[in-house]
Amino acid sequence: MTQTIARRVRPLVLLFLAAAAALLAGLAGAAPASAHAALTGSAPQQGVVVDKAPTQVTLTFSEKVALSDGAFRVLDPKGKRVDTGKATELSGTTYGVPLHAGLPDGTFTVAYQVVSADSHPVAGAFTFSIGAPSVTSVSVSDQTAGGGVVGVLYGVGRYVSYAGFIVMVGGAAFVLACWQRGAGVRALQRLVVSGWLAMTTATLALLLMRGSYTGSGKVGDIFDLGLLGDVLQTKTGAALVSRLLLLAAGALFIAVLFGAYARPETADDELGEEREGEEGADAGENRAELDDSSARRDLTFGLGIGGGVVAIGLAATWALAEHASTGLQSDIAMPVDVMHLLAVAIWLGGLSALLVALFRASEDTPIEGSAVRGFSRVAFGSVLALVATGVYQSWRQLGSWSALTDTSYGQLLLVKIGLVIVLVGIAYISRRWTAQLPETATTEAAEHTEDQAADPEKEPVAAGAAVGSDAKRAAQLARQRAAVDTARLKRLRDADPLRSGLRRSVLAEAGVAVVLLAVTTVLTSTEPGRTEEEAKAATSASSSSSSSSSSDQDGTGALTLDMPFDTGGQDGKGLVRLDINPARVGRNVMHVYVERPNGRAFDVPEVKVAFTLTAKNLGPLPVNPDRVATGHWTANEVQIPMAGDWKIAVTVRTSDIDQVTVDKNAQIG
């Protein structure tokens, strides 16, 4: 008995462990939700020195954003706010906030936190100076939104909502399209209901956490009714509320599927057992009354249409509020995204239902080979739809081949593609096992009947039941015999190499599918490659424009050098940019910007610069710039003694032990 229980539980334990490992890997490997709207320009520009104080600060993003109170904050060198706090949309994707009059000279910090059109929070900061750069007390670390405990909980909620949708929709589709007798199987009923419960719970949690997730990030703000009211007025809030309403309709669908729809099968099975010893017209009339195939076809059709409408509506709540709703060809992208989500649900959700049917279905209702083959055909069609829609989505979100390897989105997409290929390979093995299964379970039943007749050990039990006068004793013996028969049939089924092979391959498919879902969840909260490359291009253009602007003001040349670095440690890659103005003999002003690969400011502990004129055997001349803001260092008294081809070396330290020196030659003077 213990071994039997262990065999039942072991596959489910393995699947649970795979799910836990995949979820932890996905959450641990993902940074807080990356911005999907990139800052492409500002006035004043990042790092520029202006002669007089501006009247406002404007920011331009790659797509529309939602503003809230305190969306833009402008801080003076002492950390005091100098903006009016009333950020407004100026035109298109450009937004501005007015500044107070009479601002002093020094370095000012602009911090922003908004929500992009695809529902993800966006945060960042940059500096500009009035008159001349100065030391500032403002310390804005590499500002990100959607981080902390709330960010992790929100990520878990997204994963659970996706998983619930897949299990609920895919499990119901498996029953209707492939194995209608499965509507009466308790294990399948629990699977689909669990998917509905998981999705409903996760949606409620996401709705409560949304305000804190896009704002303060504080756990205490999760239950702030004021924030909840603000969320309900946003596109994402409306999508989550719509999802809850559709889930209410989904509950009605599930009740009918596992209620009225399941009863004819149960009644049919019971009547079939009664008919074994009956003759006459009455039995035939009863069976005709219960087995009304026309009514059942109508009910199947109605459930298919109703369930399809609910499934499409649920998928649309993602498409209308996230990636597909903004950017290039959004009118095409949204229906494609709905089709993609449905294909994933039918394939992976059906796979989970098949796994449950193979491991947990009772001995009285074993899944037939025809049902497995039917799902194999449905899954093949889903994979074709998944590939077609996935190719379009990849093109739309990447924009170039280089983004496939140079951006976080592209790298995650490569991982997802690899997992899909592995999953398809395992599915091919499953199809080979499926092709060898018998059409129905009648063969097993016949073998079981013959085995019963030939087994002399059962005679004493039957005799005892027949001659016993005690009704309770007879009932007990009958139950024992039924248990023995059930165990014997299960041993026969477990010993079948075809079913055992299919179970192992389907279990492997499910394990890979869980990891794939974790990667997909992280991918949906990662900045698309197209947007990330646009942000990099905008940052480079802004820096070049800033250098040109400085050059025009001084009437002399200016020098800008970009040097990639990699300290070799964790989170050690980046880019260091040097702006030297006016790049001539004598006094120069130097700005050093340290950026991450995605173009955002990199908060490193130390930066040092050294100048060497090799031709004159002069140097190295060390310069220790002062940190004025996150990723921004400056030195106002850089003395260049003579003109020549100088080697400029920059040492960047990213941790206590990880540092590297990069250099580049440049003509100065």
Side-chain angles (χ1 to χ4, degrees), residues 46-49 107 126-127 129 132-135 142 406 536 539-540 542-544 546-548 550-551 554 556-669:
Q46 176 177 347
V48 75
V49 179
T107 297
F126 64 89
T127 62
S129 299
S134 68
V135 176
D142 186 15
D406 295 344
K536 289 180 180 178
T539 302
S540 299
S542 176
S543 298
S544 300
S546 175
S547 298
S548 300
S550 298
S551 172
D554 294 337
T556 60
L559 177 66
T560 299
L561 298 176
D562 287 345
M563 291 177 274
F565 67 85
D566 184 358
T567 62
Q570 184 178 7
D571 193 23
K573 292 184 178 181
L575 175 76
V576 60
R577 173 175 291 122
L578 261 71
D579 288 342
I580 303 175
N581 193 16
R584 64 185 180 186
V585 175
R587 177 183 176 273
N588 291 265
V589 175
M590 181 181 69
H591 292 275
V592 183
Y593 301 97
V594 186
E595 301 174 353
R596 296 183 182 278
N598 62 4
R600 302 190 184 284
F602 196 165
D603 190 15
V604 298
E606 185 180 25
V607 171
K608 294 186 292 186
V609 183
F611 293 79
T612 303
L613 186 59
T614 306
K616 299 294 183 179
N617 198 25
L618 180 62
L621 306 178
V623 178
N624 294 316
D626 297 319
R627 181 183 185 278
V628 295
T630 301
H632 183 191
W633 306 69
T634 186
N636 295 328
E637 297 290 339
V638 179
Q639 295 292 334
I640 304 297
M642 65 179 63
D645 187 21
W646 288 84
K647 183 177 80 171
I648 305 174
V650 182
T651 300
V652 181
R653 181 168 63 84
T654 57
S655 71
D656 291 339
I657 59 174
D658 297 314
Q659 73 174 36
V660 68
T661 299
V662 292
D663 60 73
K664 187 174 282 190
N665 285 8
Q667 183 68 35
I668 299 179

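For clarity, every value in this text was computed on a predicted model and none was experimentally measured. These numbers come from the heavy atoms of this one structure, side chains and all, not from hydrogens, waters or symmetry mates.
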Sub-3.5 Å donor-acceptor pair from the side chain of [X] to the main-chain atoms of [Y], do we have one?
X    : Y    : result
D658 : D656 : no
T107 : S134 : yes
T567 : V660 : no
T560 : I580 : no

Could you go through the side chain to side chain contact (heavy atoms under 4.5 Å, CB included) check for R627 and H632 one step at a time? CA-CA 6 Å; R627 181 183 185 278; H632 183 191; over 6 Å; no
All salt bridge (Lys or Arg N to Asp or Glu O under 4.0 Å) counterparts of D571, not counting sequence neighbours: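 Only R596 meet the salt bridge (Lys or Arg N to Asp or Glu O under 4.0 Å) criterion with D571.
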Of the non-hydrogen atoms in [X] and [Y], which two are nearest, and what is the gap between them?
X    : Y    : answer
P622 : P620 : CD-O, 3.4 Å
E595 : F602 : C-CB, 3.8 Å
R653 : V604 : O-CB, 3.5 Å
A635 : V623 : CB-CG1, 3.9 Å
L578 : M563 : CD1-CE, 4.1 Å
L559 : A666 : CD2-CB, 3.6 Å

Are [X] and [Y] packed together at the side-chain level, in the sense that at least one heavy-atom pair is separated by less than 4.5 angstrom?
X    : Y    : answer
P641 : L621 : yes
N588 : P582 : yes
T654 : K573 : no
V638 : F611 : yes
I648 : V609 : yes
V576 : W633 : no
V662 : P564 : no
T634 : H591 : yes

Rounded to the nearest 0.5 Å, what separates atom NZ in K608 from atom OG1 in T661?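 Spacing of NZ (K608) from OG1 (T661) equals 7.5 Å.
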For the side chain to side chain contact (heavy atoms under 4.5 Å, CB included) test, which of N665, T614, I668 pairs with D645?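 Considering N665, T614, I668, a side chain to side chain contact (heavy atoms under 4.5 Å, CB included) with D645 is found only for N665.
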